[in-house]
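Here the structure is laid out as structure tokens; the discussion comes afterwards.
Residue numbering restarts at 1 for every chain, and letters A, B, ... go by the order of the sequence lines. Computation of the quantities below employed the complete heavy-atom set of this structure, encompassing side-chain atoms and omitting hydrogens, waters and symmetry-equivalent molecules.
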There are 2 protein chains.
Amino acid sequence: MKGTTLADGPTINTIAERAGVSIASVSRVLNGLPTRQETVRKVMAAADELGYVRNAVARSLKSRRTHQVAFAMADVGNPAYLAMLRQIQPVLKDAGYRLVLHSTDAVVADEIDVLHSLGERYVDGLIMVPLRVTEAHLEMLDAARAPVVIIGQVPEGTRVDNVRADSRTGVKLAIDHLHALGRRRIGMINGPLDTVPGAARGAAYREALGGVGLPYDEDLVQIGDFYRAEGGRAVAELLDRVPDVDALMCANDLIALGALDVLRAAGRRVPEDVAVVGMDDTDLAAASWPSLSSVSLGSAERGRAAAELMLERLQGGDGEPRLVTVAPRLVVRASTAGAPVADFPAESRTDRKESAE
Amino acid sequence: MKGTTLADGPTINTIAERAGVSIASVSRVLNGLPTRQETVRKVMAAADELGYVRNAVARSLKSRRTHQVAFAMADVGNPAYLAMLRQIQPVLKDAGYRLVLHSTDAVVADEIDVLHSLGERYVDGLIMVPLRVTEAHLEMLDAARAPVVIIGQVPEGTRVDNVRADSRTGVKLAIDHLHALGRRRIGMINGPLDTVPGAARGAAYREALGGVGLPYDEDLVQIGDFYRAEGGRAVAELLDRVPDVDALMCANDLIALGALDVLRAAGRRVPEDVAVVGMDDTDLAAASWPSLSSVSLGSAERGRAAAELMLERLQGGDGEPRLVTVAPRLVVRASTAGAPVADFPAESRTDRKESAE
DNA sequence: CCGCATTCCGTAAACGTTTACAGACGATGA
DNA sequence: TCATCGTCTGTAAACGTTTACGGAATGCGG
């Protein structure tokens with residue numbers, strides 16, 4: 001089959017022979033440099049007949065540009081990363097770059113590997129969402145042989161282009177919203193505090209409560225992980241301990257789905273008895289019943305911003321490292337906004353015209 | 001910033017100079033070919049001090065291998081493609097290949113482009129999920145200068161490695177299930193019939209009805225598109241026309257979600273009054289309320305199979321084109337199986353330990 | 001008919017590797 | 001001591017491009 005067809009394709013040399021010119025002329029024609037009409041014609045004809053296609057590897061070697069950019073994150077399955085990817089891809093593509101995808105499976109060593117492999121020069125740049133930023137990361141960043149854009153928090157003074165979310169403001173939006181709805185016993189279901197998001201969201205919750213004049217009550221906080229089942233269990237415990245809770249701020253959408261499961265099982269109405277807010281505004285938020293109010297941290301925007309920063313660097317931007325912060329947005333749906341809406345929800349952007357056959 | 005650090009990295013020449021040997025020796029040491037101990041030591045030392053990293057582009061040029069494989073589909077946002085991607089990526093990675101991602105945005109010309117660009121030899125192979133297979137596709141496939149694996153239906157006799165789902169059996173599983181539950185007025189909500197999935201699923205529905213001895217009734221079939229809102233509208237029309245429908249076979253999960261919306265609004269209980277089955281078994285199926293029974297067409301398995309076929313080709317497999325068909329699976333959840341379950345649903349595989357900050 | 005500017009093209013070097021080949025060298029046996 | 005062998009290493013070519021440089025050809029004015 002195809003394996004046998006892999007006979008060496010034509011090169012610039014083949015064309016030169018057939019057209020009776022030198023390889024330099026062929027190259028010039030192919031690159032649109034000024035050349036006599038007659039030569040152009042001959043070369044084009046030969047190239048067409050041979051079905052010539054430029055060899056990208058050889059070009060890259062000479063030009064020191066691969067026209068590839070890498071994107072590295074823990075797991076494409078995570079909707080937040082996916083949203084970034086979906087923005088990054090078209091921006092790069094339109095600018096003539098290919099996208100090399102690295103999934104590090106949440107293994108820090110893999111992230112370091114990716115940074116190290118920049119030295120192989122198989123890409124012109126790297127956009128990375130690190131899980132956490134270790135000393136090793138910082139060292140490799142300093143030594144990086146190609147431009148890097150980091151999405152996520154980095155220590156002050158790190159000399160690297162950086163795009164951030166603002167979960168502090170995000171949590172505040174949600175708490176303000178709940179407070180405005182008259183809720184006064186607002187619980188928080190968080191993930192582990194030793195993760196960057198967990199810590200940030202926990203602190204933001206406390207601060208936002210203060211902002212609306214509510215006391216911080218440890219009993220109202222329950223820690224689990226970032227998954228649905230454990231989120232549900234955490235909510236069950238909280239309900240036991242604080243039966244009069246009237247709202248739940250959940251650290252991500254999966255936790256919030258778990259909360260809906262448990263509240264339903266416990267016979268609490270959402271949002272009448274307990275209002276629920278999720279975080280990340282994933283597709284799941286629109287799909288659940290009742291649909292879930294959720295704080296969008298602008299994953300898509302962050303992806304786009306990162307891609308644009310990268311392009312600027314690649315186009316010779318040599319300035320100081322830049323920091324872009326993306327504003328969060330509260331998307332209000334049925335889980336806080338009164339009666340669950342019963343008409344058609346907004347289009348989910350998840351599926352395309354055709355699903356795979 | 002980094003831009004200034006991009007001074008040319010060390011090459012094999014730099015090492016040769018510093019170690020006082022020839023570049024051939026350096027290359028030999030770096031590749032582990034037999035060399036005198038003393039030389040090995042000197043070269044290693046020099047390489048370490050210089051922080052040398054092999055240039056992937058130059059290697060590729062010489063070895064005619066890029067260690068990259070491309071994956072092309074319409075849209076990463078589609079959960080089916082995403083499921084494939086998530087399997088393909090680790091298989092390739094473990095085998096030492098990088099993944100280049102192409103999103104064609106459902107534009108056929110883009111797909112042709114991707115096939116054409118194989119001639120640039122920037123990848124060693126291509127895994128592709130075409131929207132539909134045109135004449136142009138077939139021509140390019142024949143002329144392809146690297147191994148290609150197609151996921152999806154291709155015309156008989158196309159000489160290409162191929163992985164397929166079996167939506168016919170999939171639909172049959174669902175219809176048999178509904179029939180066994182005592183449903184006799186089973187409607188179908190389908191997408192456009194001029195798409196490959198639409199046509200296949202429509203025909204399979206008719207055939208499966210026959211299989212359980214039910215008549216095919218045109219009134220029970222409603223065509224819309226593959227999205228949620230339109231799916232809902234289609235269901236509303238069907239309900240108007242055939243009020244006694246007692247089950248709905250939906251051509252994908254989004255349509256099924258639309259069905260749930262409309263059934264709820266119409267005061268029909270799911271599954272007591274109307275049972276609903278979706279297709280593709282996306283994350284949304286587990287997240288919805290009631291959770292959605294869905295036919296899995298094995299996207300993940302298809303991805304894995306495709307990646308494995310590709311690796312075999314790359315490792316020199318020269319045999320006949322191969323065909324792998326993946327068996328479908330019916331995942332029964334609350335929307336057909338009696339009372340909606342109220343305990344914690346199975347873990348969704350969507351999220352990871354840490355969500356993006 | 002010569003000198004010169006202009007236009008077009010070919011030669012060759014370079015990008016950073018791998019590798020075939022042959023030379024240098026030390027050791028071995030006669 | 002010399003031929004022979006084996007081990008190790010260096011030289012150079014090759015992968016497929018791009019591009020600096022200089023030479024050939026042409027046209028023009030004097």
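- Evaluation of the salt bridge (charged side-chain N to carboxylate O under 4.0 Å, His left out) rule for B:D124 yields no partner, not counting sequence neighbours.
- Summary of the strand contacts: B:R64 and B:Q37 both lie near DNA chain D, and taking for each the nucleotide with the nearest heavy atom, the more 5' one is attributed to B:Q37.
- Within a 6.0 Å sphere centred on CD of B:Q37, heavy atoms belonging to other residues, nucleotides or ligands number 12 at most.
- Under the 3.5 Å distance criterion, with hydrogens and angles disregarded, no donor-acceptor pair is assigned to the side chains of B:N55 and A:R64.
- Among the heavy atoms of the strands, none lies under 4.0 Å from B:V57.
- The 12-atom threshold is exceeded at NE2 of A:H67, counting heavy atoms of other residues, nucleotides or ligands nearer than 6.0 Å.
- For DNA chain D, the contact window with chain A, defined by any atom under 4.0 Å from a protein heavy atom, covers D:dG16 to D:dT19 in 5' to 3' order.
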TODO: Could you go through the side-chain contact (heavy atoms from CB on, under 4.5 Å) check for B:Y122 and A:R98 one step at a time?
DONE: CA-CA 10 Å; B:Y122 66 99; A:R98 286 186 293 263; 3.1 Å; yes
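- With contacts defined as side-chain heavy-atom distances shorter than 4.5 Å, the pair B:L99/B:L85 qualifies.
- No more than 12 heavy atoms of other residues, nucleotides or ligands lie within 6.0 Å of CD in B:E17, so this atom counts as exposed by the packing criterion.
- Taking the nucleotide of DNA chain C with the nearest heavy atom to each of B:K62 and A:I23, the more 5' of the two is matched to A:I23.
- Two residues, B:A58 and B:A24, neighbour DNA chain D, and the one matched to the more 5' nucleotide by heavy-atom proximity is B:A24.
- Sorted by residue number, the members of residues 25-35 of chain B with any non-hydrogen atom under 4.0 Å from DNA chain D read B:S25, B:R28, B:T35.
- Atom pair A:E38:CD and C:dT7:C1' shows a separation of 16 Å (rounding to whole Å applied).
- In this structure, A:E38 places its CD atom where more than 12 heavy-atom neighbours from other residues, nucleotides or ligands lie under 6.0 Å away.
- The distance between atom CZ of A:R36 and atom C1' of C:dT6, rounded to the nearest whole Å, is 14 Å.
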